[in-house]
Amino acid sequence: MKSKAIALPYYAWMVIFTVVPLILVGIFAFTDEETGSFTVSNLMEISKYLPTLWRSVTYAVITTVVCLFLGFPAAYIISRLPEEKQSTALMLLMLPMWINFILRTYAWMNILDTNGFINQILIFFGLKPLKMLNTSAAVILGMIYNNLPFMILPLYSIMTKIDKSVIEAAQDLGCSDSNVVRKVIIPLAIPGISTGITMVFVPSVSTFIISRMLSGSTIGLIGDLIEQEFLGLNYDPYVGSALSLVLMVIVLVIIGIFNQFGGEDAVV
Amino acid sequence: MKKSLTSKLYMVLLVLFLYLPILTLVIFSFNAKDSRVAWGGFSLRWYVALFSDRTTMLALFNTLLVAIVSSVISTALGTTAAIGINNLNKKTRSLVMNITYIPIVNPEIIMGVSLMLLFKVFMRYTPLEFGYITLVLAHIAFCVPYVIFQVLPKLRQMNPNLLEAAYDLGCNSRQAFFKVVIPEILPGVFSGFIMALTYSLDDFVVSYFNSGEGVLTLPIVINSMTRRNMDPSINALSTLIFVTILIVLVVKNFIDNRKLRVEQKEKEGLRSRKKTIALITALVLLVSSVGVTVGIVLNMGPKLEMDMRMLSNYDYTRFANDKLTINVANWGEYLCIDEADMINVNEQFEALTGIKVNYTTYTNNEELYAKLKSGGANYDIVIPSDYMISRFINEGMIQKLDYENIPNFDTKIMDTFKNLSYDPTNEYTVPYTWGMVCIIYNKTMYDKAPDSWGALWDEAQKGNILMFNNPRDAFAAAQCYMGYSLNTTDKNEIDKTFEKLYEQYSSDLVQAYVMDEVFDKMEGGNAAVAPYYVGDAVSMLESNPDLDYYIPKEGTNRFVDAACIPTGAKNKEAAEMYINFLCETEIALANCEYIGYSTPHKEVFELLDDEVKNDERRYPSDEFLNEKTELYIALPEETNNYIQSLWNQIKFSN
């Protein structure tokens, strides 16, 4: 079985369905809608939307950082549990992912709305209701909620690989617990951290459903713009492609940076 | 120990955070009331409803079909790919692997739109259309890499001597492959298959851009429900899936742990768990789809049939043996097809004519325009609004009708609804419904009833105001308020309108920009005031008696939605038959009662209750219509683009 030919159908597939579509995005991004000739006007058009691009990146960065800070202790705690408890804990954290994310996000709308659960409770206790839905905080909350497990998984994965004797050695040599984390666990977990960062940042920066639902369409993100150009109010696949290209560059930069530290065992 | 207590507390809080939304979903699946926030007692009605809901069941079927087909193909393709890749030299292999990696790390939306572009290019040269095929191809595209990444490590782990031993013992390469390689990598193949199945089942984004007409998957249906009425039977479905997975996992965990104690199982933890979870979901879905079929069969009780004697004299059976299908695209909840005690218009048409109806919905005129313009849609009938109709006519996107095939137009449509400005010689359209834009408000939040468009700029209701989420209606609201024409092309006036809208946005008056989301928001008491269409206001009032609505004193927009046939429709005559059928009195009456919009149908109007007929907000006097209302006309492209760019400036440049 030394034949390489067996993969030929896949190579053809890979070219047609992975490479060509991306090239098409590139071509469309630089094509003039009217004349079909080369142009940079689609990209120039995007300059109008710089605030949206900036906002998307900012929200995604905040989401990623919060996920890292919430996910790291969780992954650490789970990885230190006895083995049979580990699987239970992990199962508990993963189970919500089996409900479609649109439904879970919708549930958050009902929790945060003016007349939603939280405010009903506040009113019950005679407190003033809060404006929570349709704020930037709500959008970021939705991103954190939907992506947190993608941070915990790779972190946990890498932490279980850390040899216990290394930690014991550090302790024997007089490391305090916090120093064990700082000087042993974190450096060894860096590939997992970088995978987690990529896995949270990419879906966060490109979402369009979460922002639409939790901001009531008052906060536009780059995903909303792309969706609008391809399926929505202002149909223009040329500008849409230019936006997609920009988004791809942002993602590539982030992956590029963090792949410096990461391994390829990213795929879970 | 204090430290472990802190960890425990932390984990408990984290789990609470993750489960809070799911808990609400589960609890409200047992709600007796049709509400997501107000509890009306315990009931299993949504579980019963689930198994008789045609749309959901069909979507479930589609989801399963697409997932199974695409994961089987992905597994075959991915496994052969992995074997070939394993034999490559290092340099080529890393190139191939890097490309294979792309679909996994690329944002889903880029996957979605890039494949959409690819299919559109295909469509220029082949008869391919968006539908099952594009959906399956797109799913394979993002599933194959997962299979490859599962199989490849198994190939690497394989002892190369095994294969040589097989050859030495007289195997030919085919035998060696099936007897040695396949059994060795089978676990990887299997987990790859399960991952492909899982990702396919749960995919929304890629499907959203590549599904086309009539092929709705469950996530797509859920998405459109979040825009209008979220049917709590979806809660019931999620609860069923969730509880089953939970039970199986707990059992599996229990067994695993016992095994672990016995043999200190190899640490494959994560992957095997994901595998099991996926397998379980697949099982659950399979079981539930069986349940669905049973449910559908059980629910096939006596259906409401139309009274054939009331039909006009028309040959509805002339295509009975031709196995035709027509694609109808209409607004959401704009045809009487899923109401328990009313006739199902499409089923009646199918039974009567033998023509199959493929029915889809859109949420606004612009979305319909994009779909028609992009060439992805192949509709035979669409029902756009006035201004979009004239745009379609100007751009040659709809065709002239043969009114010989629609005799009901002459006999049953009111004369005042013929030859309107969007189709002055009435060659393209048959009016379907009409109405006005009104303002809906929550009486409990006002001391004095509002009567003006100013309610949408009322500082006292800051943060409680909903606004149209489309440029034409949003600009019109401001134009009415400021006394401009709704069809102004005057740049100065448009700029002033923009400033008014910008002021509304920037001073945080607006809580949310909505279209059909307005139902949930207003019915749930989450907002004080919103502009919307009268017919919809009527149905909101039925759900929440705290609401009321008025036609603003400054005047308002009147709209007419009419049936048209797009250029290039495949079954024009059958489409005309359908339009004629919509004008049959019994059908039009059912639609009118279901939709709640005003009717242009003479006989249906006569059949309405006096209370409705005399309601000035629903059937105003001709005098009022002439003086206080204005129809949209198609704006010049330049003006349209200008308004669109100003709108984008509000939404995306801040």
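Chain identifiers are assigned alphabetically (A, B, ...) following the order of the sequence lines, protein sequences preceding nucleic acid strands; residue numbering begins at 1 within each chain.
- The minimum heavy-atom distance linking A:G116 with B:N526 is given by the pair N-OD1, 4.0 Å.
- In terms of modelled atom types and a separation under 3.5 Å, the side chain of B:S653 and the main chain of A:K48 share a donor-acceptor contact.
- Interface residue A:I78: only side-chain heavy atoms are found under 4.5 Å from chain B.
- Chain A forms the most heavy-atom pairs under 4.5 Å with one residue out of B:V205, B:V144, B:I22, and that residue is B:I22.
- In terms of non-hydrogen atom pairs under 4.5 Å with chain B, the most contact-rich of A:K85, A:R212, A:M248, A:Q120 is A:R212.
- Only the side chain of A:L148 comes within less than 4.5 Å of a heavy atom in chain B; its backbone stays farther off.
- Residue contact with chain B, scored on non-hydrogen atoms closer than 4.5 Å, involves the backbone and the side chain of A:T218 alike.
- At a 4.5 Å heavy-atom cutoff, the contact between A:L92 and chain B is made by backbone and side-chain atoms alike.
- If you take NZ on A:K131 and NZ on B:K462, they are separated by 10.0 Å, rounding to the nearest 0.5 Å.
- Between the CG atom in B:D520 and the CG atom in A:N110 there is a gap of 7.0 Å [rounded to 0.5 Å].
- In this structure, chain A has heavy atoms under 4.5 Å from both the backbone and the side chain of B:F652.
- With values rounded to the nearest 0.5 angstrom, A:L225 atom CG is found 7.0 Å from B:N648 atom CG.
- Using a 4.5 Å cut-off between heavy atoms, B:I650 does not touch chain A at all.
- Under a 3.5 Å cut-off, the side chain of A:N134 and the backbone N or O of B:A512 do not form any donor-acceptor pair.
- A centroid separation of less than 6.0 Å is found between the aromatic rings of B:Y208 and A:F208.
- Highest contact tally toward chain A, considering only B:I85, B:V15, B:N464, is held by B:I85 [criterion: heavy-atom pairs under 4.5 Å].
- Looking at A:P9, the atoms closer than 4.5 Å to chain B (heavy atoms on both sides) sit in the backbone and in the side chain alike.
- Taking CE of A:M213 as the start and CG of B:N223 as the end, the distance is 7.5 Å to the nearest 0.5 Å.
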Would you sort out whether A:Y10 and B:T100 count as a side-chain hydrogen bond (donor to acceptor under 3.5 Å, both in side chains), showing the intermediate values? CA-CA 10 Å; A:Y10 174 68; B:T100 303; 2.8 Å; yes
Apply side-chain hydrogen bond (donor to acceptor under 3.5 Å, both in side chains) to B:E517 and A:S217, showing your working. CA-CA 11 Å; B:E517 294 93 337; A:S217 298; 5.4 Å; no
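- Looking at B:I140, both its backbone and its side chain come within 4.5 Å of chain A, counting heavy atoms on both sides.
- The side chain to side chain contact (heavy atoms under 4.5 Å, CB included) test with B:S114 singles out one residue from A:L24, A:V20, A:I23, A:L22, and that residue is A:L22.
- There is no contact between A:I254 and chain B, counting heavy-atom distances below 4.5 Å.
- Only the side chain of B:M116 has a heavy atom closer than 4.5 Å to any heavy atom of chain A.
- If you measure heavy-atom distances from A:I77 to chain B, the contacts under 4.5 Å come from the side chain alone.
- For the atom pair A:T18 OG1 and B:I102 CD1, the distance stands at 6.5 Å (nearest 0.5 Å).
- Options A:P149, A:S215, A:A74 differ in how many heavy-atom pairs under 4.5 Å they form with chain B, and the most are formed by A:A74.
- Only the side chain of A:S241 comes within contact range of chain B, with at least one heavy atom under 4.5 Å from a heavy atom of that chain.
- In terms of heavy-atom pairs under 4.5 angstrom with chain B, the leader among A:A107, A:S206, A:P96 is A:P96.
- For A:I219, no part sits under 4.5 Å from any heavy atom of chain B, backbone or side chain.
- Side-chain atoms of B:Y10 come within 3.5 Å of backbone atoms of A:L70 as a donor-acceptor pair (strictly under, hydrogens ignored).
- For B:L14, the part lying near chain A is the side chain, with the backbone staying farther off; criterion is any non-hydrogen pair under 4.5 Å.
- Proximity to chain A (any heavy atom under 4.5 Å) is restricted, for B:Y505, to the side chain, taken from C-beta onward.
- When all heavy atoms of A:P237 and B:L117 are compared, the pair lying nearest together is CB-CD2, 4.3 Å.
- Contacts with chain B were tallied for A:F28, A:F17, A:Y76, A:W13; A:W13 has the most, counting heavy-atom pairs under 4.5 Å.
- Contact annotation for B:L115: both backbone and side-chain heavy atoms come within less than 4.5 Å of a heavy atom of chain A.
- If you tally non-hydrogen atom pairs under 4.5 Å between each of A:L103, A:I111, A:V202, A:D236 and chain B, the highest count goes to A:L103.
- Comparing B:I148, B:T79, B:V180 by heavy-atom pairs within less than 4.5 Å of chain A, the highest count is held by B:I148.
- For B:I109, the part lying under 4.5 angstrom from a heavy atom of chain A is the side chain only.
- No part of A:L53 comes within reach of chain B, as not one of its non-hydrogen atoms sits under 4.5 angstrom from that chain.
- With a 4.5 angstrom heavy-atom cutoff, A:V251 touches chain B only via side-chain atoms.
- Although no hydrogens or angles enter the test, the distance criterion places no donor-acceptor pair under 3.5 Å between the side chain of B:S238 and the main chain of A:I99.
- Using a 4.5 Å cut-off between heavy atoms, B:N86 does not touch chain A at all.
- Taking the six-membered ring where the residue is Trp, B:F17 and A:W108 present tilted rings, their angle falling between 30° and 60°.
- Interface remark: B:L23 contributes no atoms to any contact with chain A (heavy atom separation under 4.5 Å).
- From B:F209, atom CZ reaches atom CG of A:L231 across 5.0 Å, with rounding to the nearest 0.5 Å.
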